[in-house]
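What follows is a single structure, written as structure tokens, with notes after it.
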There are 2 protein chains.
Amino acid sequence: MTKEKHLYSRHSKFLVALDCIIFGFDTHELKLLCIKRDFEPEKGKWSLMGGFLREGEAIDQAADRVLRELTGLEDIYLEQLQAYGETGRDSAGRVISIAYYALINSVKFDKSISDTYSASWFSMHQLPDLIFDHHAMVDKALRRLRRRCKTQPVGFELLPEKFTLPQLQTLYEKIFDTGFDKRNFRRKILEPGVLVKLDEKDMEGSRKGAFLYKFDKQRYDELTNEGFNFQI
Amino acid sequence: MTKEKHLYSRHSKFLVALDCIIFGFDTHELKLLCIKRDFEPEKGKWSLMGGFLREGEAIDQAADRVLRELTGLEDIYLEQLQAYGETGRDSAGRVISIAYYALINSVKFDKSISDTYSASWFSMHQLPDLIFDHHAMVDKALRRLRRRCKTQPVGFELLPEKFTLPQLQTLYEKIFDTGFDKRNFRRKILEPGVLVKLDEKDMEGSRKGAFLYKFDKQRYDELTNEGFNFQI
DNA sequence: TCAAAAGTGTTGTTGATACACCCATGA
DNA sequence: TCATGGGTGTATCAACAACACTTTTGA
């Protein structure tokens with residue numbers, strides 16, 4: 001008999017699931033990665049990527065595993081939103097679900113893996129119907145993402161390592177679903193000095209070309225230790 | 001055989017606990033309600049009030065029940081923080097814990113009930129050692145409380161229905177662990193017009209006496225519908 | 001009459017917003 | 001040469017912070 005059984009055995013146990021709200025950005029749109037469920041219940045309907053917690057696995061690890069199973073990606077920004085535990089939330093039985101949101105650079109991710117799950121990207125403005133309480137999770141994730149983007153340099157997670165300021169501005173505009181003044185945006189984002197301008201231009205987006213920048217994580221950490229707070 | 005067993009039976013089940021971070025305010029201090037555990041493991045140590053999720057119970061309901069068991073209070077402000085699920089977090093076995101924080105007016109609560117749990121209030125500056133990851137939960141709860149207080153009128157939950165502006169200011173100062181300018185504070189808090197001044201004074205705190213105010217929830221809801229956002 | 005807390009407006013500073021033109025390039 | 005998106009500085013306005021004296025009352 002295990003210690004656990006001895007002490008807590010009179011209490012009920014529950015299935016614990018992880019659901020991932022996966023955001024991506026492809027130069028013009030903020031997108032959400034959804035999968036077509038290939039198992040019951042709700043087989044064939046659109047859903048967030050999810051999975052069940054396993055013995056001996058921390059919940060953060062489990063979310064990471066679920067994300068990796070779908071995208072093939074490691075070292076992804078992943079943050080817990082909250083637990084969802086209404087009794088009727090899963091039509092097939094009692095499941096406590098812990099929602100996480102992830103930010104991925106959609107260029108990187110492994111299309112072949114996601115094909116096996118019938119995954120596809122949807123614009124945040126044209127989401128499909130999602131099962132259970134997944135819409136509520138997505139709403140909450142978007143609000144959280146906006147809050148994080150205001151005070152932490154997480155937007156960069158959605159872009160390639162090298163990016164242009166117009167790209168970055170477009171990203172922020174899509175996340176906040178609004179427009180920003182170009183000069184004010186550049187001033188604010190450059191002012192703390194955590195973006196380093198490279199001697200390279202991206203010539204894709206325009207004739208003139210736009211300088212590439214890189215996020216200087218080391219510099220950011222230094223400043224943060226000195227009490228600096230990122231703000232956009 | 002239930003539908004649940006049929007569909008999800010190959011997955012593991014887990015104990016799910018609820019832990020409540022209970023904040024109170026007693027005119028001079030922001031306080032935390034802790035209990036001395038009367039069961040193993042960690043019997044005799046200080047802990048947050050907690051309990052296990054039951055079959056057929058939504059997690060929010062369960063948190064509410066746990067809170068009521070300790071305080072005897074209904075209709076308490078209660079908000080989920082997040083789930084904690086490290087594998088070794090509970091020394092007696094694998095338990096997923098969902099943390100909630102509550103705001104109660106510490107005058108109201110039923111001392112006799114809490115005595116049966118050996119509960120007591122601790123100043124946020126002199127917290128006892130707490131078991132497991134409860135300190136991390138408290139830290140997170142305090143940060144969340146500060147954020148909520150900045151943009152939602154939740155501070156009033158910690159005060160009696162009628163309160164004075166000096167009391168309210170002290171509350172905010174204790175929550176944010178800082179001092180505010182009296183005139184600026186009064187201007188900001190009164191400006192939106194969601195506090196109604198009563199024709200009564202509280203004579204406890206001073207010779208002169210301070211006017212009592214009441215939070216006008218109906219007015220607040222009206223303004224909120226018109227797009228108003230509370231800000232302090 | 002005095003000690004102790006309540007109550008009240010104005011000014012300076014700082015951060016946010018609005019705004020228009022020149023530049024570099026490929027077609 | 002022209003169409004397209006990239007890059008730059010200043011002036012105005014609003015929000016925030018700093019600040020000191022009068023009032024009321026009970027002891």
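In what follows, chains are A, B, ... by sequence order, proteins preceding strands, each numbered from 1. All figures in this text were calculated on a predicted structure; none of them were measured in a lab.
- Atom NZ in B:Lys188 sits about 17 Å away from atom P in D:dA14, given to the nearest Å.
- Between B:Phe185 atom CZ and D:dA18 atom P there is a gap of 16 Å when expressed in whole angstrom units.
- Rounded to an integer number of Å, the gap from CD of A:Gln169 to P of D:dG5 is 14 Å.
- Here the P atom of nucleotide C:dA24 and the CE atom of A:Met203 are 12 Å apart, to the nearest Å.
- Taking atom CD of residue B:Glu200 and atom C1' of nucleotide C:dA6, one finds them 17 Å apart after rounding to whole Å.
- No donor-acceptor contact under 3.5 Å links the side chain of A:Arg183 to the base of C:dT17.
- Between the side chains of A:Tyr77 and A:Glu79, at least one donor N or O lies within less than 3.5 Å of an accepting N or O.
- Taking atom CG on B:Asn184 and atom P on C:dT11, their separation rounds to 15 Å, with Å as the unit.
- Nearest-nucleotide assignment on DNA chain D puts the 5′-proximal partner with A:Pro166, out of A:Pro166 and A:Asp181.
- We find that CZ of B:Arg187 is positioned 9 Å from C1' of C:dT10, with the value rounded to whole Å.
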Next on the checklist: For a side-chain hydrogen bond (donor to acceptor under 3.5 Å, both in side chains) check, start with the C-alpha distance between A:Asp60 and A:Tyr100, then their side-chain angles and the critical distance, and finish with the verdict.
Outcome noted: CA-CA 9 Å; A:Asp60 291 355; A:Tyr100 283 77; 2.6 Å; yes
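- The base of C:dA24 is not paired with the side chain of A:Lys208 by any donor and acceptor separated by under 3.5 Å.
- Contact annotation: A:Arg207 does not reach the phosphate of D:dA3 (side-chain N/O to OP1 or OP2, under 4.0 Å).
- When rounded to the nearest whole Å, the span between CZ of B:Phe180 and P of D:dA17 equals 9 Å.
- By the 6.0 Å and 45° rule, B:Lys197 does not stack over the aromatic ring of B:Tyr213.
- Across all strands shown, A:Lys182 has heavy atoms under 4.0 Å from base atoms, whether or not it also approaches the sugar-phosphate.
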Next on the checklist: side-chain contact (heavy atoms from CB on, under 4.5 Å) for B:Tyr172 and B:Gln167? Distances and angles first, verdict last.
Outcome noted: CA-CA 9 Å; B:Tyr172 273 83; B:Gln167 279 167 11; over 6 Å; no
